Amino acid sequence: MDVDTLINVGFTGIERFAVGVVAAGGLIMVAGVRPLLLAAQSPGTAPNVALAVEKISVGAWTRYNRASLIASIGLAVIEVVRLVSGTGPVAAVYFAGALVMAAILTVKLRVDTVLAARAASGADSVRGSSSGGTHTNVDLDRTHALVERLSAPLLLIAVLLALLPVLR
């Protein structure tokens with residue numbers, strides 16, 4: 001095996017790993033972790049329990065978002081090298097996807113900072129404010145809705161990039 005092939009195999013492995021971190025991690029968080037945490041923040045939950053769950057939730061999402069941002073930036077770097085060297089036939093697609101994912105994850109990390117500060121202040125963390133909740137509950141629901149709207153395109157891009165080799 002020559003050096004160029006070896007480098008290309010290495011880049012492909014890193015590319016697959018980076019996309020896998022975002023796609024698989026996101027699916028686990030959305031399908032497995034999020035429903036459990038939301039149930040513990042529903043109306044009727046004791047405020048101290050809801051606050052503890054909010055802190056756990058923000059911490060878990062922050063770690064996932066940070067790891068995914070690092071993976072997306074790593075993917076973008078690999079694809080820049082591939083674009084410059086001309087070794088990746090679809091490097092531009094991966095590069096664009098990595099940049100969009102990194103932008104979304106940057107926004108999500110900013111939102112996580114707001115949520116962490118809110119949880120640290122001890123603010124009410126019970127969700128479901130539409131039925132007569134306080135102003136801070138409405139803000140919490142809006143913030144979580146924003147995060148949910150950002151998660152969908154992030155997962156879609158990651159899954160498409162993961163499937164791209166199969167679809168070619």
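These numbers come from the heavy atoms of this one structure, side chains and all, not from hydrogens, waters or symmetry mates. Every value quoted in this text rests on a predicted model; they were computed, and no experiment measured them.
Counting heavy atoms of neighbouring residues, nucleotides and ligands inside a 6.0 Å radius, atom CZ of R110 does not exceed 12 of them.
Under a hydrophobic-cluster definition in which Ile, Leu, Val, Met, Phe, Trp and Tyr are linked whenever side-chain heavy atoms come within less than 4.5 Å, directly or via other members, L161 and V81 are assigned to different clusters. Taking hydrophobic clusters as Ile, Leu, Val, Met, Phe, Trp and Tyr residues chained together by side-chain heavy-atom distances below 4.5 Å, V33 shares a cluster with V53. By the rule that hydrophobic residues join a cluster once side-chain heavy atoms approach within less than 4.5 Å of another member, L27 and L36 end up as members of separate clusters. In the hydrophobic cluster analysis, where Ile, Leu, Val, Met, Phe, Trp and Tyr join through side-chain heavy atoms closer than 4.5 angstrom, I28 is grouped apart from I157. L150 and L160 sit in two unconnected hydrophobic clusters of ILVMFWY residues. Membership requires side-chain heavy atoms under 4.5 Å apart, directly or through other members.
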Candidate pair T113 and T62, rule side chain to side chain contact (heavy atoms under 4.5 Å, CB included), full reasoning: CA-CA 8 Å; T113 303; T62 299; over 6 Å; no
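The residues R118 and E54 are annotated as not salt-bridged, no charged nitrogen and carboxylate oxygen being separated by less than 4.0 angstrom.
To the nearest 0.5 angstrom, I7 atom CD1 is 11.5 Å from T12 atom OG1. W61 contributes atom CH2, which lies 9.0 Å from atom CG of D112 (distance to the nearest 0.5 angstrom). Interatomic distance, CG of N65 versus CG of L154, reported as 7.5 Å (0.5 Å rounding). Rounded to the nearest 0.5 Å, atoms CE (M29) and OH (Y64) are 8.0 Å apart.
Among all heavy-atom pairs drawn from V22 and A71, the shortest one is CG2-CB, 4.4 Å. In terms of heavy atoms, A91 sits closest to R82 at CB-CB, 3.8 Å. In terms of heavy-atom proximity, L75 sits nearest to A18 at CB-CB, 4.0 Å. Residue V58 comes nearest to L115 through the heavy atom pair CG2-CB, 3.6 Å, listed as atom of the first residue, atom of the second, then distance.
L164 places a side-chain heavy atom less than 4.5 Å from the side chain of Y94.
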Side-chain donor-acceptor pairs of residues 95-109 under 3.5 Å, sequence neighbours excluded:
| residue | atom | partner | partner atom | Å |
| --- | --- | --- | --- | --- |
| T106 | OG1 | A102 | O | 2.7 |
| K108 | NZ | S151 | OG | 2.9 |

